[in-house]
Amino acid sequence: MKVSALLPLAFATVAYGHTIFQKVSVNGVDQGQLKGVRAPSSDYPIENVNDADFACNKNIQFKDNNIINIPAGARVGAWWGHVIGGPQVANDPDHPIAKSHKGPTMVYLAKVDNAANANARGLRWFKIAEDGLDNGSAYSQGGAQFYMECAQINVTGGGSSTGTDFVNFPGAYTANHPGVTINIYSNSVPNNAGRPYSIPGPPVLRCPAGGAQPAPTMAPAPTSTAAPVPSQPANGAALYVRSTSGTGWGVVKEPRLSEHIDSSAMWFPVNTRLGLLAIASAGFFLSSVEAKLYNNLDEFASSTDASSQYDFVIIGGGTAGSVVASRLTENSRHRVLLIEAGPNNEGILEIQVPGLLTTIPNTYDWNFTTIPQASVNGRSLPYQRGFVLGGSSAVNSLSYFRGSKDDYNLWGRVSGDSRTWSWDSLLPYMFKTEKWTPPVGGRDATGQYDPRFHGKNGPIGVSLTWSGPDDFDRRSTQNTQVQPEFKEILDVNAGRPIGLAWTQWTIGGGERNSAASGYLPTSTRQRPNLTIIVNAQVRRVLPTSRKHGGKLNMRTVEIGSRYSATALNVTAKKEVVLSAGTFGSPHLLLNSGIGEKAHLDSVGVPTIHNLPNVGKGMTDHPAAFLMWSMNATDTPVDVDAALAQWRADRTGPMAENYGIGRRFLWSRLPNNSSLLRRYGDPSSGPNSPHLEFTVGKAGSLVAALVALVTPFSRGSIKLASNNPFDAPLIDPNYFSHPFDVEALAEGVRIAQRWYSGPVWDGQITGYFGPDPNNATALKDSTVVWLHPVGTASMSARDGVVDKALKVKGLDGLRIVDASVIPYVPTAHTQAPTYILAERGADLIRASW
């Protein structure tokens, strides 16, 4: 694993302990104290590692460029700490850590798996800190409470962790403290090399539970060979808050990372099952956390839930899997286990704030790349996919486009079931997933959407931008009035998206609405019949039994982790639902021996079910990047001010995707087009556009993208090896059909005609390219549009699943995600995936 992959896991456990990454040990050798960015000058600590003030390259001071080289097979340990406790002096701010607080340090030791595997090569970034305990000002390097740095980890080669590695970290309290010796590869409590262990520093405070009680009383520091955790209270860590009257302490529920915690409150959890050893100091109580969301496989494996029976096991907590888990657990008789490979989504500011979407760390990305694409001049293209609960809905650009009614009618024709799959039959599910909300800030959006085509009570907020039309938008409207080729439409999601329309976004109340935040809010996670594991990956689906007639019953999943050697099998009583996405679902089927035998033989995977179409038929939208010069002034966003405004009332530039324009244009090639005469029409019908154009926004440069939304080309997903943790071979096979590059060139010409209209006279001053008549330049400008579908297609004839989304020739296994969509819709696939998942959940419920 890459070292950075541990961070969200660890920080989620100690979110309000002000914990920060500080040191790294490679094969037992301390790599030294690292330094970097100072904390805010307010002296307030960074309470959330996703705080903007923790961002790399912000307020750089004392920056060094230390690179830690981790060779293949290296064993990596981590140590981090923070200052807490100590007396306040007069006029100190009333918060837990003031600049005069130079008390003892709380120290954490982390169990870290091997960082140097085949999936973690290259430079990786993570955040570390220097903890200054010197008697200096908080504004000096040595005396600062927190320093942050973007240090580089250079992972070279592959390898795996074996054996044990005892690392001795120096004492954190006094010069003669013996330090702590811990086996960083063991889930058991540290034995400290057989020495009794006592907590250095002052004794531990034990806070009583209940309402108004006396102030916390002192408890003696434990001395034992077990983890230094007092035995009471027995159930979980608590948030202790000083009462408003100042006469006692009360206990409230476990907070979510996104909740505001008053500065007088203290949150003190530690979870030893994560391999973290907490050393309490300054008189605070620590205890283990129990929850229905397990932060890794080790946590789950050591819980009673691991031996429980589940009716449904859902693989993948992304856009579709979150929907299915939420809907199935509405029936209290259905017990569901949801398994997500990435971390929890909660408390990640960049995911929550729409305007920070370009700053989302690659920790929450699978970091895929395509194989070299011969038709895009041999380039390998990066391919973002969400690696977090909520999947790509948590990291995408937030646009919400359903596509045309013809797209959904095509699903019915291909599946042989137009009663289940058609625009009319799916329209109720479109409404069911959506909660239309007015733009934040209260502006009047009349005339920018059609309320007849929107739901009001669904879990996913959909809205228009906080900011209203400007001169650029008004010129765009005027352009449709003077150029007959272009028309304005009222609502892009009414079934015929051809023309200029206002973009709709998955934003509600100024916040990103992902599948996780919408379908798996706190109230859903608290259902007793739902269990969630994050940071755990299903290796393969296994046969549970063979029914009469020879069909395999595939209801057992083998769960593993990149972060530990733990593995276990779970068998569903009713069904396994595969929702790992267009790349993950075929990848898992192939690793399970379900696919084309010749391909499986080539990588050494035994075939248990020959299903030739697994991984085939991938379609995606290729796009070209265009740019014009404009006679306009750039108006950059003051990020700090905008973020402060967002925090205050969820309005301002941060409440929208401010980096892109408010409008999109969709165009359909005319019926007499030479391209259609020569190659035929790849679209789903006359209501479908062929091309999509991001109109852009005013500035000295106007950047835009043109995408072909009806390609003929088909790609594939294949195995690179028989290791389930190796990334798949992703081959979109762009421009393998001649129609595609010629149609994309026509899209560039349409964009050029758009900006040649008279309303742009004196505004648009030049075009930088690419030249639509230069195929090489066009291919050089091609980027992925990130809308893959079709790798486990539903079909009445061939395909991978039938009209009920059941895997053909097998029992107990269903696929509900974008991989079953037979042809890429003229949409951004977030909305179609929600619609499909809602329908799929109903199909499952109807079976049981």
Query raised in the report: Do D811 and N553 meet the criterion of a side-chain donor-acceptor pair at a distance under 3.5 Å?
Result: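 Result is no, nothing qualifies.
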Query raised in the report: Do S683 and D681 have a side chain donor and acceptor closer than 3.5 Å?
Result: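 Present: a donor and an acceptor within the cut-off.
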Report task. For residues S716 and M618, report the shortest heavy-atom separation together with the two atoms involved. Result ->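 Here S716 and M618 meet closest at N-CB, 3.9 Å.
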Query raised in the report: Which pair of non-hydrogen atoms, one from Q752 and one from Y767, has the smallest distance, and what is that distance?
Result: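 In terms of heavy atoms, the two residues are closest at NE2-CE2, 3.1 Å.
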Should [X] and [Y] count as an ion pair when the cut-off is N to O under 4.0 Å?
{"X": "E596", "Y": "K616", "value": "yes"}
{"X": "R327", "Y": "E838", "value": "yes"}
{"X": "R749", "Y": "D771", "value": "no"}

Are [X] and [Y], when compared by the centres of their aromatic rings, separated by less than 6.0 Å?
{"X": "Y364", "Y": "F387", "result": "no"}
{"X": "W421", "Y": "Y408", "result": "no"}
{"X": "F368", "Y": "F583", "result": "yes"}

Query - Summary of ring-ring contact (aromatic ring centres under 6.0 Å, His included) pairs that have at least one residue in residues 786-827, sequence neighbours excluded - result: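 Found H621-H787, W785-H787, H787-H828.
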Requested in this report: Evaluate the side-chain hydrogen bond (donor to acceptor under 3.5 Å, both in side chains) criterion for residues N610 and T607: first the C-alpha distance (whole Å), next the side-chain angles of each, then the deciding distance (0.1 Å), finally the verdict.
Outcome: CA-CA 7 Å; N610 186 27; T607 301; over 6 Å; no
Query - Aromatic ring pairing F401/W666, orientation class (parallel under 30°, perpendicular over 60°, tilted between) - result: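 Perpendicular: the ring planes of F401 and W666 meet at over 60°.
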Query raised in the report: Quick one: does T694's side chain get under 4.5 Å of T503's, heavy atoms only?
Result: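 When only atoms from C-beta onward are counted, T503 and T694 do not touch, as no gap falls below 4.5 Å.
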Report task. Flag the pair E485 / I750 as yes when at least one side-chain heavy-atom distance between them is below 4.5 Å, and no otherwise. Result ->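 The answer is yes; the side chains approach within 4.5 Å.
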